[in-house]
Undergrad: 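Would you mind keeping the following structure in view while I ask a few things?
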Amino acid sequence: MALDFVAGCIGGCAGIIAGHPLDTLKVHIQSGRGSALQCTKALLKGGTLSSAYRGVGAPLGGIAAVNAIVFGVYGNTRRALPNPNALSTHAAAGAAAGLMQSFACSPVELIKTRQQLAKPGDGMPSGAWAGARHIVRTGGFRALFRGLGVTIVRDSPALAIYFTSYEAMTRGDQSVMKVFMAGGAAGALSWVVLYPIDVVKSRFQGDVVGKYASAWDCFVQSVRTDGWRSMGRGVGAVTLRAFISNGACFTAVVWTERVWQRMAAEQSVKTFAQTTAMSEAVCENNDRQYDV
Ligand SMILES: NC(=[NH2+])NCCC[C@H](N)C(=O)O
């Protein structure tokens, strides 16, 4: 359990760091800032590491909470179901995890999205906590949960697909290359299938002026003004991001598990040696005392 959590956190951080610049590109394309090429050029103009990582604080800071929920709910649901190894069980446990993590993930992504889209002079501070406080101050506590419903609709099926496809691809051999490829493919699949929902979510959460009354209204208005094609815009960026990010994530998870297990094994060898040395000392002492 503790291992799942530590590995999940290290993996999550690796995934975020590897994927954030492409995530920002995705959000810009989704929000209608231009084509993939135009947005890439505009973002590269920023040119610094700090502009590439603007908005990374909230996901990085929130990953512990999000992954505690994801891996906790996923593991416990799996074990509670009658057949923990069936693919359908992985799917059900993934869906449950996706539902529960949305309550943490949605506000985290709201702060991230607002910071990624912020322009100078918007008054949006760059730190994660300052960003949260700004949102609460300007829109009340409820504003922090704008987009919760659409996050649930995206992430329950997404995490079912994610865990089921990863499991199906890694049965048997777990070499680093295979883990990276399977993690990447599972991540990419989980994003591509539900992509239009993510477009609506980014647009809805990025809307600071209250243009959209609800996520549904955001969908209707977006299709009406920007056409159906707007629902697929940015899918290239998201696929690349998801592949790199989730490949890195699962590789770090498996690496952490291996290091942990090796440390645990070394520890038990040490404990065994200590116990043996101790009992030998006791024997010797007895021998001396009783003169045998
Ligand atoms: N569509 C999803 N939410 N898929 C689950 C993958 C989550 C993973 N942390 C990522 O950001 O890629």
Side-chain angles (χ1 to χ4, degrees), residues 4-5 7-27 30 53 55-56 58-74 90-91 93-113 116 147-170 179-202 205 231-232 234-254:
D4 282 350
F5 178 64
C9 283
I10 295 180
C13 288
I16 290 168
I17 292 168
H20 193 77
L22 279 165
D23 189 85
T24 303
L25 176 64
K26 175 202 85 166
V27 170
Q30 288 177 328
Y53 281 95
V56 77
L60 219 43
I63 192 67
V66 170
N67 274 358
I69 304 173
V70 169
F71 288 93
V73 175
Y74 176 64
H90 284 279
L99 166 69
M100 297 311 291
Q101 63 92 50
S102 297
F103 293 89
C105 175
S106 173
V108 160
E109 291 199 353
L110 176 79
I111 302 166
K112 171 193 76 89
T113 306
Q116 286 173 318
L148 173 62
V150 65
T151 304
I152 293 174
V153 172
R154 182 195 69 179
D155 281 356
S156 308
L159 269 96
I161 295 172
Y162 185 61
F163 282 118
T164 314
S165 56
Y166 179 75
E167 175 66 22
M169 284 184 276
T170 49
V179 165
F180 184 87
M181 297 305 281
L189 191 67
S190 76
W191 280 97
V192 168
V193 173
L194 296 144
Y195 190 64
I197 303 176
D198 187 55
V199 175
V200 173
K201 176 181 161 296
S202 294
Q205 288 195 323
M231 291 295 124
V235 73
V238 90
T239 308
L240 191 61
R241 186 210 78 95
F243 197 93
I244 296 171
S245 173
N246 291 289
C249 173
F250 275 105
T251 308
V253 166
V254 172

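Each ligand, and each atom within it, is numbered from 1 in the order the structure gives.
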Undergrad: When the ring planes of His90 and Tyr74 are compared, do they come out parallel, tilted or perpendicular, using 30° and 60° as the limits?
TA: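 Aromatic pair His90/Tyr74 classed tilted.
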Undergrad: Enumerate the residue pairs fulfilling side chain to side chain donor-acceptor pair (under 3.5 Å) with a member in residues 182-196, sequence neighbours excluded, ordered by first and then second residue.
TA: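 Residue pairs passing side chain to side chain donor-acceptor pair (under 3.5 Å), neighbours aside: Gln30-Tyr195.
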Undergrad: Taking only residues two or more places apart in sequence, or in another chain, which ones meet Tyr162 in a ring-ring contact (aromatic ring centres under 6.0 Å, His included)?
TA: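 Only Phe250 meet the ring-ring contact (aromatic ring centres under 6.0 Å, His included) criterion with Tyr162.
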Undergrad: Within the side chain of Glu109, is there an N or O that forms a donor-acceptor pair under 3.5 Å with the backbone of Ser106?
TA: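 No, the answer is negative, given that no donor and acceptor are paired below the 3.5 Å cut-off.
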Undergrad: What are the distances between nitrogen or oxygen atoms of ligand 1 and protein nitrogen or oxygen atoms, counting only those under 3.5 Å?
TA:
from	atom 1	to	atom 2	distance (Å)
ligand 1	3 (N)	Asp155	OD1	3.1
ligand 1	4 (N)	Ser190	OG	2.9
ligand 1	11 (O)	Arg241	NH2	2.8
ligand 1	12 (O)	Trp191	NE1	2.9
ligand 1	12 (O)	Arg241	NH2	2.7
ligand 1	12 (O)	Asn246	ND2	2.8

Undergrad: So, taking the atom named OG in Ser202 and the one named CG in Leu110, what distance separates them when rounded to the nearest 0.5 Å?
TA: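 So the OG of Ser202 and the CG of Leu110 are separated by 10.5 Å.
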Undergrad: Would you mind writing out the side-chain donor-acceptor pairs for residues 7-23 within the sub-3.5 Å range, not counting sequence neighbours?
TA:
from	atom 1	to	atom 2	distance (Å)
His20	NE2	Arg54	O	2.9
Asp23	OD2	Lys112	NZ	2.6
Asp23	OD2	Gln116	NE2	2.9

